[in-house]
Amino acid sequence: MATNTDPTDPWSLVVPLKPLAQAKSRLAPAAGAELRSRLALAFARDTVAAALSCPAVLDVVVVTDDPEAGAALTAIGARVVPDEPDRGLNAALAHGERAVRAGRPRAAVAALNADLPALRPAELARVLDYSAEFPRAFVTDAAGIGTTFLSAAPGVELRPAFGGPSRVRHLDSGAVEIELAGIDSVRQDVDTGEDLRAALALGVGAHTAEHWDTGSLPGRRGSRPGPGGEASVVLSPDR
C-alpha cells in the first residue's frame, strides 16, 4: 500500500560499521589483512560521501565503536553514534534508527550498507524516491541473496533483518522489493575479491581508488565522477 510520504522530504540514512580490525574478513585472501582493514574504511568513506551528496539525503548516521573510522567519517560530515547495543548488525541499525528519530520523530529512515564504494548519488536518489511510495522497501544485493538498502516511511519501524539470505526475510516481513533498472551501484556491496572486481568495473570512489592505485588488488582500475546532493542516510555495519 502506498504511503502519504512527500517524496521531497529529506531522508536520514543509518550505516553501522564493524571495528576495522574485524571488517571484511572475506577480503583477506585477495587483499591481505592490513590492506583489508584500510579498504573497509575506504569503502565506508566513499559510501558516506556519495550518500551525503545525494539531494534527497539530509544526514548520515554511522553506528560504530571504531575510533579511527568514527573520526574519518565525522570529518566528511557523518554523525557518529556508538554501538551501545553491541549485539550485531540489526541491533546497531535499530539503534541508529532511534538516534535519528530522537531528534526527528517523523523522519523517513533508510539503512544502507557501508561497503558500497561505487555508490552513485543519482542512483541512490532514484531508490529513495521510489521508496517514498511504500511503508518499507529494500534493494537486493548484486548476488540476489542479501540486502544493501532498507527504508521505513515516517511513523514506520525499520525492522531490519540483514545478514545472509536477508532478501527472503525482508520479503516475508512485508517490505517491497525495489526492482528498478540502472541502480547497480546501490546493489554492489563488497565482501570478496570478485565483488571488488565488480565494483571497480562500475567505478569506485576516490578513497577506494587510492588504495587500488597501490596495484595490490585484483581486477581493473576504476573511478567515479564526484558526488552531489542532499539527504539523510543511516549506514549499517557491514556484514
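We number each residue from 1, following the sequence as shown.
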* Does His170 have its ring centroid less than 6.0 Å away from the ring centroid of Phe162? ->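 So the answer is yes for these two rings.
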Taking atom [atom1] of [X] and atom [atom2] of [Y], what is their separation to the nearest 0.5 Å?
| X | Y | atom1 | atom2 | value |
| --- | --- | --- | --- | --- |
| Leu196 | Thr208 | CG | OG1 | 8.0 Å |
| Lys18 | Ser37 | NZ | OG | 13.5 Å |
| Leu20 | Thr64 | CG | OG1 | 6.5 Å |
| Leu39 | Glu210 | CG | CD | 10.5 Å |
| Arg36 | His211 | CZ | NE2 | 12.5 Å |
| Asp191 | Arg26 | CG | CZ | 4.5 Å |

### Task
Go through the steps to decide whether Asp46 and Leu119 satisfy the test side chain to side chain contact (heavy atoms under 4.5 Å, CB included), and finish with yes or no.
CA-CA 8 Å; Asp46 284 332; Leu119 183 65; over 6 Å; no
Verify, without hydrogens or angle tests, whether [X] (side chain) and [Y] (backbone) share a donor-acceptor contact under 3.5 angstrom.
| X | Y | value |
| --- | --- | --- |
| Asp141 | Gly146 | yes |
| Ser166 | Thr147 | yes |
| Arg120 | Ala118 | yes |
| Arg169 | Ala161 | yes |
| Arg101 | Arg106 | no |
| Gln188 | Ala199 | no |
| Asp129 | Arg126 | no |

Could you tell me whether the side chain of [Y] reaches within less than 4.5 Å of the side chain of [X], counting heavy atoms only?
| X | Y | value |
| --- | --- | --- |
| Val60 | Leu73 | no |
| Ile178 | Ser131 | yes |
| Leu116 | Ser185 | no |
| Arg136 | Val176 | no |
| Phe43 | Val204 | no |
| Val109 | Ser151 | no |
| Glu68 | Pro19 | no |

**For Glu177, all residues meeting side-chain contact (heavy atoms from CB on, under 4.5 Å), sequence neighbours excluded** =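 Glu177 satisfies side-chain contact (heavy atoms from CB on, under 4.5 Å) with Phe138, Thr140, Arg167, Leu171, Glu179 once adjacent residues are dropped.
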Residue list, side-chain contact (heavy atoms from CB on, under 4.5 Å) with Ala94, at least two apart or on another chain: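 Applying side-chain contact (heavy atoms from CB on, under 4.5 Å) to Ala94 gives Arg98.
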What are the two closest non-hydrogen atoms of [X] and [Y], and how far apart are they?
| X | Y | answer |
| --- | --- | --- |
| Ala108 | Pro154 | CB-CD, 3.9 Å |
| Leu150 | Ala175 | CD1-CB, 4.3 Å |
| Ala72 | Leu41 | CB-CD1, 4.1 Å |
| Leu89 | Gly163 | CD2-N, 4.4 Å |
| Gly96 | Val63 | CA-CG2, 3.8 Å |
| Ala152 | Val156 | CB-O, 3.4 Å |

Given side chain to side chain contact (heavy atoms under 4.5 Å, CB included), test Val190 with Leu27 step by step and report yes or no. CA-CA 8 Å; Val190 177; Leu27 261 184; 4.2 Å; yes
Problem set entry | Residues Asp115, Lys24: salt bridge by 4.0 Å N-O rule | yes
Under 4.5 Å between side-chain heavy atoms, hopping through other hydrophobics if needed: is there a path connecting Ile76 to Leu17?
-> yes
Please check if Val168 and Ile145 belong to a single hydrophobic cluster, counting links between Ile, Leu, Val, Met, Phe, Trp and Tyr side chain heavy atoms closer than 4.5 Å.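 Val168 and Ile145: separate clusters.
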For Arg79 and Val62: C-alpha separation, side-chain torsions, deciding distance, then whether side chain to side chain contact (heavy atoms under 4.5 Å, CB included) applies. CA-CA 6 Å; Arg79 172 188 169 197; Val62 178; over 6 Å; no
- Message: Please evaluate residues Asn113 and Thr47 with respect to the criterion side chain to side chain contact (heavy atoms under 4.5 Å, CB included), reporting the C-alpha separation (whole Å), side-chain torsions for both, the decisive distance (0.1 Å), and the verdict.
- Response: CA-CA 8 Å; Asn113 279 12; Thr47 301; over 6 Å; no
